[in-house]
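Input: a single structure, listed below in structure tokens.
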Amino acid sequence: MLVLDKFSESVALLSYRLQTLPVLQRLMAKYRSLTARDQLALQLLLAFLIGFVIYSLLLKPAYNYAEQARRVYLYNLETLQLIEQNKGVFLGAANKEQQRNEGQSLLSVASSTARQWQLSFNRFEPVNDTSVRVWLDGATFPTLTQWLDELHKSHSIAVRQLQLDRSEAGSLAVSLVLQE
């Protein structure tokens with residue numbers, strides 16, 4: 001109750017100060033000197049301006065915020081539905097990744113799949129924890145691309161750098177960096 005009393009006292013004091021301002025007293029005198037019809041027109045104009053300010057400062061920003069929130073919700077809902085539809089694909093890729101990581105390193109996966117494509121490494125060296133640089137000779141372009149495609153699709157291993165040099169026999173000397 002004490003807060004309400006203080007608030008009402010503050011409002012009364014502010015009202016008194018506004019009424020004693022010379023500018024406001026002159027405006028009120030001009031308003032009173034207007035005809036009843038002009039006073040009504042001024043009241044309607046003032047009501048329109050107050051309504052416009054309320055709309056511009058409160059209602060329109062609130063509506064824009066609600067509309068933006070609705071669009072974000074619909075986008076997130078669409079993304080969720082897409083993820084749920086492709087759940088099996090995501091889980092399958094995660095399981096392949098986990099199976100490879102549990103038993104084999106990047107180098108052992110690359111080496112075993114290279115042997116399946118009759119490719120052999122001349123040299124290899126680790127670049128960092130998730131990358132290895134590999135050199136091989138005698139590869140044909142179709143075999144190399146098929147091997148790299150299998151690494152990417154089946155084991156989620158990507159090629160970060162690739163350098164190809166053609167030898168006189170038509171085979172390739174290859175230097176590449178593989179990354180998990």
Side-chain angles (χ1 to χ4, degrees), residues 3-4 7 11 44-167 169-180:
V3 174
L4 188 58
F7 178 73
V11 169
L44 291 175
L45 179 63
L46 186 61
F48 173 77
L49 288 176
I50 289 172
F52 179 75
V53 168
I54 288 173
Y55 171 77
S56 297
L57 296 178
L58 296 176
L59 298 178
K60 187 173 181 187
Y63 173 77
N64 289 343
Y65 177 78
E67 184 63 25
Q68 180 183 6
R70 186 186 68 77
R71 277 187 262 129
V72 168
Y73 169 76
L74 291 176
Y75 175 78
N76 289 339
L77 183 64
E78 183 179 315
T79 303
L80 176 64
Q81 289 171 348
L82 181 67
I83 289 171
E84 287 177 351
Q85 288 172 357
N86 294 305
K87 186 178 185 179
V89 174
F90 295 134
L91 291 176
N95 289 340
K96 285 182 185 177
E97 180 85 18
Q98 289 173 354
Q99 290 171 357
R100 180 177 61 80
N101 286 338
E102 289 173 5
Q104 296 180 313
S105 68
L106 170 64
L107 183 59
S108 64
V109 171
S111 177
S112 65
T113 55
R115 269 184 255 133
Q116 292 172 0
W117 291 97
Q118 287 80 35
L119 299 170
S120 61
F121 299 159
N122 292 345
R123 218 172 82 199
F124 58 86
E125 68 180 27
V127 175
N128 57 35
D129 291 344
T130 60
S131 300
V132 65
R133 182 179 304 277
V134 176
W135 289 267
L136 52 103
D137 290 325
T140 62
F141 189 76
T143 304
L144 179 68
T145 56
Q146 290 171 343
W147 172 59
L148 294 176
D149 186 50
E150 179 185 343
L151 284 176
H152 178 69
K153 288 182 179 174
S154 299
H155 304 286
S156 300
I157 297 174
V159 176
R160 292 296 165 221
Q161 291 180 340
L162 176 65
Q163 181 179 352
L164 302 173
D165 293 320
R166 184 179 228 164
S167 69
S171 61
L172 299 172
V174 180
S175 170
L176 54 94
V177 175
L178 299 174
Q179 182 173 359
E180 293 184 293

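Sequential numbering from 1 along the given sequence is applied to the chain's residues.
When side chains are defined from C-beta on, Val177 does not count as touching Val132, because their heavy atoms never get closer than 4.5 Å. Proximity of Leu178 to Val127: side-chain heavy atoms (C-beta onward) are nowhere separated by under 4.5 Å. The closest side-chain heavy-atom distance from Leu164 to Leu144 is below 4.5 Å. Counting heavy atoms from C-beta on, the side chains of Trp147 and Gln116 never come closer than 4.5 Å.
In this structure, Tyr55 OH and Phe48 CZ are separated by 11.5 Å, a value rounded to the nearest 0.5 Å. The distance from the CZ atom of Arg133 to the CD atom of Gln163 is 9.0 Å, given to the nearest 0.5 Å. To the nearest 0.5 Å, the span separating CZ on Phe121 from CG on Leu176 amounts to 7.5 Å. Remark: Glu84 CD to Asn86 CG distance equals 10.5 Å, nearest 0.5 Å. Atom-to-atom distance recorded for Leu45:CG and Ile50:CD1 is 10.0 Å, nearest 0.5 angstrom. Rounded to the nearest 0.5 Å, atoms CG (Leu107) and OG (Ser131) are 12.0 Å apart.
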Side-chain atoms of residues 73-81: list all donor-acceptor pairs with protein atoms under 3.5 Å, sequence neighbours left out, distances to 0.1 Å.
from: Asn76; atom 1: ND2; to: Val72; atom 2: O; distance (Å): 3.4
from: Thr79; atom 1: OG1; to: Tyr75; atom 2: O; distance (Å): 2.9

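Residues Pro61 and Ser56 come closest through the heavy atom pair CD-O, 3.3 Å. Smallest separation of non-hydrogen atoms from Ala110 and Leu151: CA-CD2, 4.1 Å. Of all the heavy atoms in Thr140 and Leu172, the pair that sits closest is C-CD1, 4.2 Å. Across all their heavy atoms, Asp137 and Val174 have their closest contact at OD1-N, 4.5 Å. Looking at every heavy atom in both residues, Trp117 comes nearest to Thr143 through O-CG2, 3.3 Å.
Residues forming a salt bridge (charged side-chain N to carboxylate O under 4.0 Å, His left out) with Arg70 (at least two apart in sequence, or on another chain): Glu67. For Asp165, the salt bridge (charged side-chain N to carboxylate O under 4.0 Å, His left out) criterion is met by no residue, not counting sequence neighbours.
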